Amino acid sequence: MADTPSLRLRTERWLERRLPQIVVLPLFALSLFFVYGFIVWTAYISMTPSRIMPVYDFIGFSQYDRLWATPRWYVAIKNLFIFSSLFIAISMVIGILLAILLDQRVRAEGLIRTIYLYPMALSFIVTGTVWKWILNPGLGIERYMREMGFENFTFDWLVNSDYAIYTLVIAAVWQSSGYAMALFLAGLRSVDDEILKAAAVDGASPWKTYTSIVLPILRPVFLSTVIILAHLAIKSFDLVVALTGGGPGYATDMPATFMYAFAFQRSELGVAAASATMMLMTIIAIIVPYLYSELRKTGR
Amino acid sequence: MRQRSIGGIVRPKGWHNVLMRGSLFLVLGLFCLYYLFPLIVMASTSLKSLAEIREGTLLSLPRAITFEAWGKAWDSACVGVRCDGLKPFMWNSVAMAVPAVLLSTTLGAINGYALTKWRFPGADWIFAMILFGAFIPFQVILLPMARTLGQLGLAGTVTGLILVHTVYGLAFTTLFFRNFFVGVSDGILQAAKVDGAGFFRIFFQIVLPMSIPAIVVTVIWQFTQIWNDFLFGVAFTIGDSNPVTVALNNVVNTSTGVKEYNVDMAAAIIAALPTMLVYVVAGAWFVRGLSAGAVKG
Amino acid sequence: DGTAEVLHWWTSGGEAKAVGTLKEAFEAQGGTWIDSPIAGGGGDAAMTALRARVVAGNPPTAVQLKGPGIQEWAEQGALNDVQAVASAENWDSVLPPALASIMKYDGNYVAAPVNIHRVDWIWANPEALAKAGVEAMPTTWEEFNAAADKLMAAGITPLAHGGQPWQDATLFEDVVLGVGGADFYRKALVELDQDALKSDMMVASFDQLRKLRGYVDPNFPGRDWNLATAMVMRGEAAFQIMGDWAKGEFLAAGKVPGTDFLCAPTPGNGYVLNSDSFTFFKVSGDDNLKGQQVLASLIMSPEFQKTFNLAKGSIPARTDVPLDEFDTCAQRSHADLLAAIESNALVPSMAHEMAIPRSVRGEFLDLVTEFFNSDMGSQDAAQKLADAVARAM
Amino acid sequence: MASGIRLSKLRKTFGSTEVIKGVDLTIEPGEFVVLVGPSGCGKSTLLNLIAGLETVTSGEVRIGEALVNDTPPRDRDIAMVFQSYALYPTKTVHENITFGMQTRRIPHEAQQAALKEFSKLLQIDHLLARKPGQLSGGQRQRVAMGRALVRKPEVFLFDEPLSNLDAKLRISMRTEIKKLHQRLGKTVVYVTHDQIEAMTLASRIAVMDNGHIRQFGPPGEIYEHPVDLFVAGFMGSPPMNMLPGRLRRRDGSLVFEPHGAEAELHFPLPSEISDRLDAREGAELVLGMRPEAIFAAGTELPGPNRFVFEKTVEVVEPTGPDTMIVFSIGETELIARVRPEDAREAGTRFRFEVDLSKAKIFDAKSGQSL
Amino acid sequence: MASGIRLSKLRKTFGSTEVIKGVDLTIEPGEFVVLVGPSGCGKSTLLNLIAGLETVTSGEVRIGEALVNDTPPRDRDIAMVFQSYALYPTKTVHENITFGMQTRRIPHEAQQAALKEFSKLLQIDHLLARKPGQLSGGQRQRVAMGRALVRKPEVFLFDEPLSNLDAKLRISMRTEIKKLHQRLGKTVVYVTHDQIEAMTLASRIAVMDNGHIRQFGPPGEIYEHPVDLFVAGFMGSPPMNMLPGRLRRRDGSLVFEPHGAEAELHFPLPSEISDRLDAREGAELVLGMRPEAIFAAGTELPGPNRFVFEKTVEVVEPTGPDTMIVFSIGETELIARVRPEDAREAGTRFRFEVDLSKAKIFDAKSGQSL
Ligand SMILES: Nc1ncnc2c1ncn2[C@@H]1O[C@H](COP(=O)(O)OP(=O)(O)OP(=O)(O)O)[C@@H](O)[C@H]1O
Ligand SMILES: Nc1ncnc2c1ncn2[C@@H]1O[C@H](COP(=O)(O)OP(=O)(O)OP(=O)(O)O)[C@@H](O)[C@H]1O
Ligand SMILES: [Mg+2]
Ligand SMILES: [Mg+2]
């Protein structure tokens, strides 16, 4: 008798046990529809002759043929790899470094932190212009240094097809590394003091304390940061448009600008969808193994 | 909230320490310069007259300071046919950003909580799949999203925009919270369960107060992303209900008109002020020691 | 009465004022004007939003949309025609035929032009020219090259240029017109004839473009056009090849045409046409339809065309509007326009989306900008251009 | 009112480690069961299984009559003190203690009354406004106690609840727990490493070892009649002396000859024991003698079954009330408990007296008590 | 080799709470000092100050001869066991233990040897690959111990290092610590609540109360000659019985009349005490008798200064080796320690014998020992 509680109680129990799933599922369903549904839609569009507006006649993979026949696409892909790896690595290093430095009982912490964060608040439509001035040899740093007497100072990456991509990194790091700092700082702040004390007693230098005690604890924060930075890198659009406009030539084109150009400037929805599909597949190939190993390590 | 220093561990004194502190501030200061330099250029440009900009070098400091550009950007710059600056659009952004930030943060927090602290089979899969939404290019979802909003009758409404931001913010908010909660001791949750608290009570009364750092970074991120979003704002709102980024864009961008850099710069700074305010306010909650004394072990 | 929601990207300064006159006129008729300004990327952002709006099922009443884009949307069945108004007001007789054909789909007007911009202008600083001993504005590319060489020798940058694809393409099309003439221009850049694209004439055009590249200072990539204009204003550079909107910068700085700066068409005796127009989308509801009609009629009214273009710096799309109040450059533009119509030398701008679909234009821009920023050979460029065009068709 | 607990064939594995290896245990309603066992033997895990904080790998947990394997902790009506305290770090002491009552919608006044009562009892009434991070270890532990005590659940689970308190406080807490148990009559499962706590609080003691329960019985029985060497050696502090040796017959009666000292020492066995062992002459045995059964010769009034022998003092450990003297027989170290005033320096010969009626005999191979 | 520690006028406040209120303490090089005191009295804080984990509010901390107020922990050459363990959650047991050696660049082989030695000693050698989250409470504590023991610093600080271990393990750990101390001769400061640990390990015991040090001396002195009621009541488990009363002269000799039982009981005072108190007739005093000094009449051989009286047994608490009998004199509850076989049921009359030569006398007002 006691083994079979009333039906009401049983449903309540059931509900309670399932509550986590019940809570997550609607959100999961949203993402199934709005993310995966739309990805499927895009994948389908990439196999149609869609131009200015989507049409739904199946034509196979010819849009992919066109995509891979476009020289600009190769540039975009190559740039994505150069840009993302540099951007993620540099932002990460700066983020960690600044977070650690800021964590040293700095008096003006609030002010400094806001200074580091603020670039993210500014629209790149305008800051891009400023960066363009600063990096332009005729207007900015180069001219400045030359006027100050360094006649041979040269800093012309912005107008050099081979180096322009690195100016994107400079500006992107400027914009986002502050946020990486914030993520790490928040992580640092949730590490238990006692553990730091133990490390101090164990004779660890501050450097060693951070590298071998604190940062491993922040492993999940690394995951957050990598994902955020990767997302920023992959989607960097305003930045490219405002700073280089993809130039010189299309030397700094990126998949995001490529996709945008084809989808909305050139009315080549099909090609754009094909490029989007290629990009998503690339991301899956890189992110999934990383996620897999991370989740296994931090899951439990 | 008071800022607690690291553990109270004794720091060395003397010249060695002065040297260390000195180089610490040097590095911090150099980075401040790096981050500030463009802002200084913006601010100084915004304080110049247009004539000075045309003749002078762009990076030089203003010769005669004028706040004209600021006034113009705030309430008389033309944004299409109306010429009352950014002012009328600020509120649109607030009305959109605040609910969207609250909603996406709350849902992300609950998601992250359920996925880590009430693990069920497949939780990691669900997390990974939700997370992947972070990488979907906005360009490709624009049209299907427009279609969906149209079908829902939300096309061109603020509600629709809030929905969009919430849905696509979820990947990030879930990520932040999930990764924070992984580090929260299970023991505390067990204690709360024994104390008779259920899923939501534990969440709101125990877990959430401990996750202030996660809330801070999430709110900062979401607010920035939503406030600065242009594409969704432009595609899913109409005219007077445009968010401020669209207005800013309209002030700044001109294809064949005269460029007023001073107004552009002032407008950009004005449009960023609310976000900076969020940074300052939220930043004050970067606190240490929230989990102090919780468990032994 | 009537309601019109107008999507445009004229958001600041003189442009915004120009649209403002339209709004005022519309409201003076008792209509309700809903303004949807979306600037950015020369209308790219607006086009993006437009697509979302159409997909969502609530398109705006009228959209600032031009060139072959009008046909593309019309093919989607997304447009309403205003032929009733056009017939009543006899638009055919007052518009340049080349322009009128762009405004029509299936013989019916679906859009109304508001202005004409001339793309093939050379702007010059007379002081700089004097310093280098250049006496007259060049009328052929040979003359231009000679003048440029003198300027180089005098330490003045001959050509102020901004390295953005559309600016590169503007140079390119002006060069093609100057080198090949209007007929060749039409064959190559409008009809996209493969033979023309691969012809020696095209190679010669690229050769001249390569020459121009040599007259540009090294810091040009990414530069906005107005900064290039400022270089001319300050005398750092002598020439700029740019549409007539550059005049607005000179005027805004208080410069007087003819004395402080000079304007002359690029070589070739043609006229590269760029025109903005409003296209009417498929809206429903009497109120909206009424608004559409009223708007169409207003846009084409001579008074509006005058006030609008005075504010905008361009010239009216109607050829019958007197230009007494306009500046000398505008008057020259008008005279040349009539002459070009006469001599069949009026060509639509490729760089400014008047000539060919956006997809093909994109390939042009890619190729031209790559040519401009690399050491690609002219022969090679012509071949690649032909291939790219073939791919995009 | 109180509910009993029944565990049957209970098993728990973490990954590939089996931690609870088939436990059967029936706790009567209102009983006070103390769980003892070596560190890492599975005590906390067992409590977690009862509380529902870990899922059962196999077997059954019943509280009252109900099978609760799938009942969430909050429906089991238990209160628990965690070994790691698990305080809510962002709540004040006050809020930590009342949280469980709040969730159960106990009226505000009743909450305040309970809070007042127990914070006074636990001597933390001046700390109510602090956060756990501002407390000392013992204070945290008392807050954890308070959190459990304020409620009146069916079952209390205590996991080493007094381990970080000073002796004096611990005694008074122990007394209060005992009183509370008597007053409320709830079922209690209590883990402790403190000998005296176990002996004085328990109605029955369960001795665990490596995921098994070795013996389950009243404290006296556990102490006096350990079923095997493990239990005998585990209970008592210092533990029972275990002297291996052989059973021999000398002069007609059975004696115990310790290994390594066969020639020298023959412990005569009391008749109750020797009667039982009659048939096992020559068997390998272990003689168990608790330290308090070995004392300085002649300090107690004479009694039956006393045996006196002389050995060299190796180590002297004064503990306050008593002094421990370590000496060896053969290879085996033994401890005797003597009065401080009887202690002699290390190195001197000492006459020990052992009360053999308190001695135990175990089989050397199986370890079973004989 | 070892360094002493000298604290002078040491104070520490947290916000507005003063926790250490002026401590002066000189610990000789190589000494083993045990710090005892009620929960929350400031023991852990004192260790933290010595370790440099909290900044000193005022006063001085010296290790060896050096003033270390501003020396960071890592330059103080100490090893510490934290009360809360503070293990590194992401490191394995192995890494937790070797980390301190790594930072000090001890050669790999030496590290391995130390790890092997101490993990064996602490019985955690089978757990080396685990993370702290997969350990039981006692196992974690042993890892924390291991982390401190593998190093050979100038000073060891132990904060209740054995509190979560079972009795048997605790005894063996205690022995190992003692051996280690003898072998290495390092200075040790050791906090414990365990009476026996304190008595057996300490070369001197410091009794703390509420931020002050009450008494600092060898264990025997602390136990036998507590300076005041606090120390007397704190040391010993169960604690000393404190019987308030008055000094009277009867039949020419001084006797102690307990309050509430003046008519019935007069404790004759041994001459050593009464000589000292001659002048204080009529004074309010407290008579301190340790439980082990009160036993069943006639169980020990007769001696001098014994006094026998009869009382009703109120509570009987068997603890295994001994049984505690609670009874009252006047309003005061007292505890007697008797052999289990002598215990009688509650409610029966019982003849107690007290060894008054072990009794202490305190001034009731000042609490000072007389
Ligand atoms: N951050 C703080 N703010 C205020 N008071 C504090 C803080 N930390 C500790 N205390 C107080 O300081 C006193 C001493 O704490 P400490 O941890 O030194 O005690 P302890 O002697 O180690 O006690 P225990 O035996 O319980 O571990 C305690 O009363 C505690 O409440
Ligand atoms: N997550 C885990 N994975 C593997 N083994 C575990 C895990 N958690 C606990 N154990 C092991 O289970 C055993 C029992 O742990 P438990 O905490 O129940 O011990 P305990 O009896 O409470 O010990 P203590 O007295 O030290 O607290 C221990 O040996 C421990 O190492
Ligand atoms: Mg345990
Ligand atoms: Mg402590």
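Values reported hereafter were calculated over all heavy atoms of this structure, with side chains retained and with hydrogens, waters and symmetry mates removed. Each chain gets a letter, A, B and so on, in the order the sequences are listed, and its residues count up from 1. These figures come from a predicted structure and were not determined experimentally.
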Of the listed residues ([options]), which shares the most heavy-atom pairs with chain B below a 4.5 Å separation?
{"options": "Asp238(A), Ile45(A), Asp192(A), Ile287(A)", "value": "Ile287(A)"}
{"options": "Phe33(A), Phe264(A), Phe237(A)", "value": "Phe264(A)"}
{"options": "Ala108(A), Ser31(A), Ala121(A)", "value": "Ala121(A)"}
{"options": "Leu188(A), Leu185(A), Ile112(A), Ile217(A)", "value": "Leu185(A)"}
{"options": "Leu101(A), Leu291(A), Leu32(A), Thr225(A)", "value": "Leu101(A)"}

Measure the [atom1]-[atom2] distance between [X] and [Y] for me, rounded to the nearest 0.5 Å.
{"X": "Thr127(A)", "Y": "Asp264(B)", "atom1": "OG1", "atom2": "CG", "value": "12.0 Å"}
{"X": "Ile130(B)", "Y": "Leu30(A)", "atom1": "CD1", "atom2": "CG", "value": "9.5 Å"}
{"X": "Tyr279(B)", "Y": "Ile115(A)", "atom1": "OH", "atom2": "CD1", "value": "14.0 Å"}
{"X": "Tyr36(A)", "Y": "Ile136(B)", "atom1": "OH", "atom2": "CD1", "value": "8.5 Å"}
{"X": "Ser104(B)", "Y": "Leu27(A)", "atom1": "OG", "atom2": "CG", "value": "11.0 Å"}
{"X": "Ser177(A)", "Y": "Phe31(B)", "atom1": "OG", "atom2": "CZ", "value": "7.5 Å"}

Structural part of [X] lying under 4.5 Å from a heavy atom of chain B:
{"X": "Val191(A)", "result": "backbone"}
{"X": "Trp131(A)", "result": "side chain"}
{"X": "Met53(A)", "result": "neither"}
{"X": "Leu97(A)", "result": "side chain"}
{"X": "Thr42(A)", "result": "side chain"}
{"X": "Ile94(A)", "result": "side chain"}
{"X": "Tyr292(A)", "result": "neither"}
{"X": "Leu232(A)", "result": "side chain"}
{"X": "Phe34(A)", "result": "both"}
{"X": "Val201(A)", "result": "neither"}
{"X": "Phe124(A)", "result": "neither"}
{"X": "Pro54(A)", "result": "side chain"}
{"X": "Ala171(A)", "result": "neither"}

With a 4.5 Å limit on heavy-atom distance, are the side chains of [X] and [Y] in contact?
{"X": "Asn111(B)", "Y": "Phe28(A)", "answer": "no"}
{"X": "Phe135(B)", "Y": "Ile227(A)", "answer": "yes"}
{"X": "Asn228(B)", "Y": "Met120(A)", "answer": "no"}
{"X": "Val24(A)", "Y": "Phe120(B)", "answer": "yes"}
{"X": "Trp41(A)", "Y": "Leu143(B)", "answer": "yes"}
{"X": "Leu19(A)", "Y": "Phe200(B)", "answer": "yes"}

Thr114(A)/Tyr35(B) under side chain to side chain contact (heavy atoms under 4.5 Å, CB included): CA gap, chis, key distance, verdict:
CA-CA 10 Å; Thr114(A) 314; Tyr35(B) 289 113; over 6 Å; no
Structural part of [X] lying under 4.5 Å from a heavy atom of chain A:
{"X": "Thr148(B)", "result": "side chain"}
{"X": "Leu107(B)", "result": "both"}
{"X": "Tyr113(B)", "result": "neither"}
{"X": "Leu175(B)", "result": "both"}
{"X": "Trp221(B)", "result": "both"}
{"X": "Leu273(B)", "result": "neither"}
{"X": "Phe223(B)", "result": "neither"}
{"X": "Phe180(B)", "result": "side chain"}
{"X": "Tyr34(B)", "result": "both"}
{"X": "Ala128(B)", "result": "both"}
{"X": "Met145(B)", "result": "both"}
{"X": "Thr45(B)", "result": "side chain"}

Do you know which of [options] has the most heavy-atom pairs with chain A at a distance under 4.5 angstrom?
{"options": "Val167(B), Thr224(B), Thr275(B), Leu28(B)", "value": "Leu28(B)"}
{"options": "Phe138(B), Phe132(B), Phe230(B)", "value": "Phe132(B)"}
{"options": "Leu39(B), Leu170(B), Val216(B), Leu248(B)", "value": "Leu39(B)"}
{"options": "Ile126(B), Thr166(B), Ile141(B)", "value": "Ile126(B)"}

Mind checking whether Phe38(A) and Tyr168(B) have parallel, tilted or perpendicular rings, split at 30° and 60°?
tilted
What orientation do His231(A) and Phe172(B) show, parallel under 30°, tilted 30 to 60°, or perpendicular over 60°?
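Answer is perpendicular, since the angle exceeds 60°.
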Minimum heavy-atom separation for [X] to [Y], with atom names?
{"X": "Pro137(B)", "Y": "Leu280(A)", "value": "CD-CD2, 4.0 Å"}
{"X": "Val130(A)", "Y": "Pro38(B)", "value": "CG1-O, 3.8 Å"}
{"X": "Ala272(B)", "Y": "Leu122(A)", "value": "CB-CD2, 3.5 Å"}

Applying side-chain contact (heavy atoms from CB on, under 4.5 Å) between Leu183(A) and each of Ile220(B), Asn179(B), Val217(B), report the one that passes.
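When Ile220(B), Asn179(B), Val217(B) are each tested with Leu183(A), the side-chain contact (heavy atoms from CB on, under 4.5 Å) holds only for Val217(B).
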